[in-house]
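Structure, as structure tokens:
Order of the sequence lines sets the chain letters (A, B, ...), proteins ahead of strands, with each chain counted from 1. Only heavy atoms go into these numbers, but all of them, side chains included; no hydrogens, no water, no symmetry mates.
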Amino acid sequence: MKIATFNINGINGRLPVLLKWLKEAKPDIVCLQELKAPEDRFPAAAIKKAGYNSIWHGQKAWNGVAILSKDEIKEVRRGIPGDSEDVQSRYIEAITFQKVIGCIYLPNGNPYPGPKFEYKRKWFKRLAAHAKKLMAMELPVMLVGDYNVMPTELDVYKPEKYLDNALFRKEIRTAYKNLLKQGWTDALRTLYPDEPIYTFWDYLRNAYGRDAGLRLDHFLLSPLIAETLKKGGVDKHVRGWEKASDHAPAWIEIK
DNA sequence: ATGGCCATGACACATGGA
């Protein structure tokens with residue numbers, strides 16, 4: 001089966017792109033981020049017509065996450081525990097195809113330093129605590145989405161430019177590395193240990209044309225899923241479509 | 001050092017993105 005993640009950057013403005021890609025790629029499960037739509041403006045009917053059940057956590061103007069599935073889908077949580085003040089829609093968790101799927105939209109954190117960066121650090125800390133609990137349950141779990149982290153230099157077209165960027169700051173890379181140490185497998189990097197893989201190209205400066213990309217979207221697999229990993233990739237061509245998101249969809253296949 | 005691009009909100013530009 002195929003699982004994908006796609007930072008859609010506006011679910012309504014980009015619905016034609018999403019539907020075209022769903023038809024072409026035929027994923028079984030999809031995690032979406034940056035819906036940029038309030039709860040009541042999620043296009044559930046059009047997505048249902050395309051063959052997917054969905055759950056979502058919307059928010060006016062910003063953020064927003066959703067999970068689509070060809071199977072029944074049961075929401076088990078929205079939001080990462082540990083901060084009752086946090087109102088941003090950045091996490092939704094479900095059970096579908098007898099697996100636990102966490103859909104993640106980690107804060108951007110720029111500019112560094114500052115309150116947004118501190119929010120990112122704290123959010124990451126809460127995610128790690130939640131991930132640890134999931135890991136301890138020894139279930140098939142995937143934590144999938146836009147982590148807003150380039151984990152290594154291989155994941156940035158020009159690393160030296162990004163040293164003080166919140167997406168590449170050493171604190172954040174360390175947080176990612178420590179998360180993996182809980183036992184999670186970074187699926188795409190495991191499949192392609194030595195080559196650059198990008199999932200994002202900025203709208204500015206013809207970044208896509210120059211292949212000035214970043215790898216920001218990740219699949220973290222618990223051991224029970226990691227041992228079934230077959231292949232994966234990025235649908236890079238989708239970034240070249242009319243009205244494209246600045247992210248391309250990424251996907252994996254498991255047994 | 002700056003600005004280039006894009007979506008949203010409720011209409012003109014401010015804000016966030018990465």
Centre-to-centre under 6.0 Å for His57(A) and Tyr91(A), is that the case here? no
Can you check whether Lys116(A) has a side-chain N or O nearer than 4.0 Å to OP1 or OP2 of dG16(B)? yes
Starting from the 5' end of DNA chain B, give me the residue, Asp246(A) or Leu35(A), whose nearest nucleotide shows up first. Leu35(A)
Derivation and outcome, salt bridge (charged side-chain N to carboxylate O under 4.0 Å, His left out), residues Arg126(A) and Asp86(A): CA-CA 11 Å; Arg126(A) 285 160 54 207; Asp86(A) 188 0; 3.1 Å; yes
Separation of Arg205(A) atom CZ from dA1(B) atom C1', in whole Å? 13 Å
Does Ile104(A) belong to the same Ile/Leu/Val/Met/Phe/Trp/Tyr cluster as Leu134(A), with side-chain heavy atoms less than 4.5 Å apart forming each link? yes
State whether Trp62(A) and Lys36(A) meet the cation-pi test: NZ (Lys) or CZ (Arg) under 6.0 Å from the six-membered ring centroid, and within 45° of the perpendicular axis. no
Counting heavy atoms not belonging to Arg210(A), are there more than 12 under 6.0 Å from its CZ? yes
What nucleic acid atoms does Asn148(A) come within less than 4.0 Å of, heavy atoms only: base, sugar-phosphate, or nothing? sugar-phosphate
With rounding to the closest Å, how many angstrom separate the P atoms on dA10(B) and dT15(B)? 14 Å
Check every strand shown and say whether Tyr105(A) touches a base, only sugar-phosphate, or nothing at a heavy-atom separation below 4.0 Å. sugar-phosphate
Separation of the P atoms in dT2(B) and dC6(B), to the nearest angstrom: 23 Å
What is the distance, rounded to the nearest whole Å, between atom NZ of Lys36(A) and atom C1' of dC5(B)? 11 Å
Given Ile252(A), which of Leu221(A), Thr5(A), Val144(A), Thr190(A) fulfils the side-chain contact (heavy atoms from CB on, under 4.5 Å) condition? Leu221(A)
Between dG17(B) and dA12(B), how many Å separate the two P atoms, rounded to a whole number? 26 Å
Round to the nearest Å and state the distance from Arg14(A) atom CZ to dC6(B) atom C1'. 7 Å
Hey, does the Lys NZ or Arg CZ of Arg215(A) hover above the aromatic six-ring of Tyr198(A), less than 6.0 Å from the centre and inside 45° of the axis? no
Out of dG16(B), dT8(B), dC6(B), whichever nucleotide has its closest atom nearest the side chain of Tyr203(A): dC6(B)
With the side chain defined as heavy atoms from C-beta on, Leu204(A) is closest, among dG17(B), dT8(B), dC5(B), to dC5(B)
Classify Lys243(A) by what it touches in the nucleic acid, base, sugar-phosphate, or nothing, heavy-atom distance under 4.0 Å. sugar-phosphate
Which dot-bracket string describes DNA chain B (Watson-Crick N1-N3 plus N6-O4 or O6-N4, or G-U N1-O2 and O6-N3, all under 3.5 Å; [ ] crossing; | other strand)? ....(((((...))))).
Please work out if Asn9(A) contacts a base, only the sugar-phosphate, or nothing of the nucleic acid, heavy-atom cut-off 4.0 Å. sugar-phosphate
Mind checking the P distance from dC13(B) to dA1(B)? Whole angstroms is fine. 30 Å
Nearest-Å distance for atom pair CZ/C1', residues Arg90(A) and dG17(B): 10 Å
Rounded distance in Å - CZ (Arg41(A)) to C1' (dG9(B)): 11 Å
Figure out the CD1/C1' separation between Ile11(A) and dG17(B), and round it to whole Å. 17 Å
What's the CD1-C1' distance between Ile8(A) and dA7(B), to the nearest Å? 12 Å
Classify the nucleic acid contact of Phe200(A) as base, sugar-phosphate or nothing, counting any heavy atom under 4.0 Å across all strands shown. sugar-phosphate
Any chain of hydrophobic side-chain contacts (each under 4.5 Å) joining Leu220(A) to Val141(A)? yes
Separation of dA7(B) atom C1' from Asn7(A) atom CG, nearest Å, is 12 Å
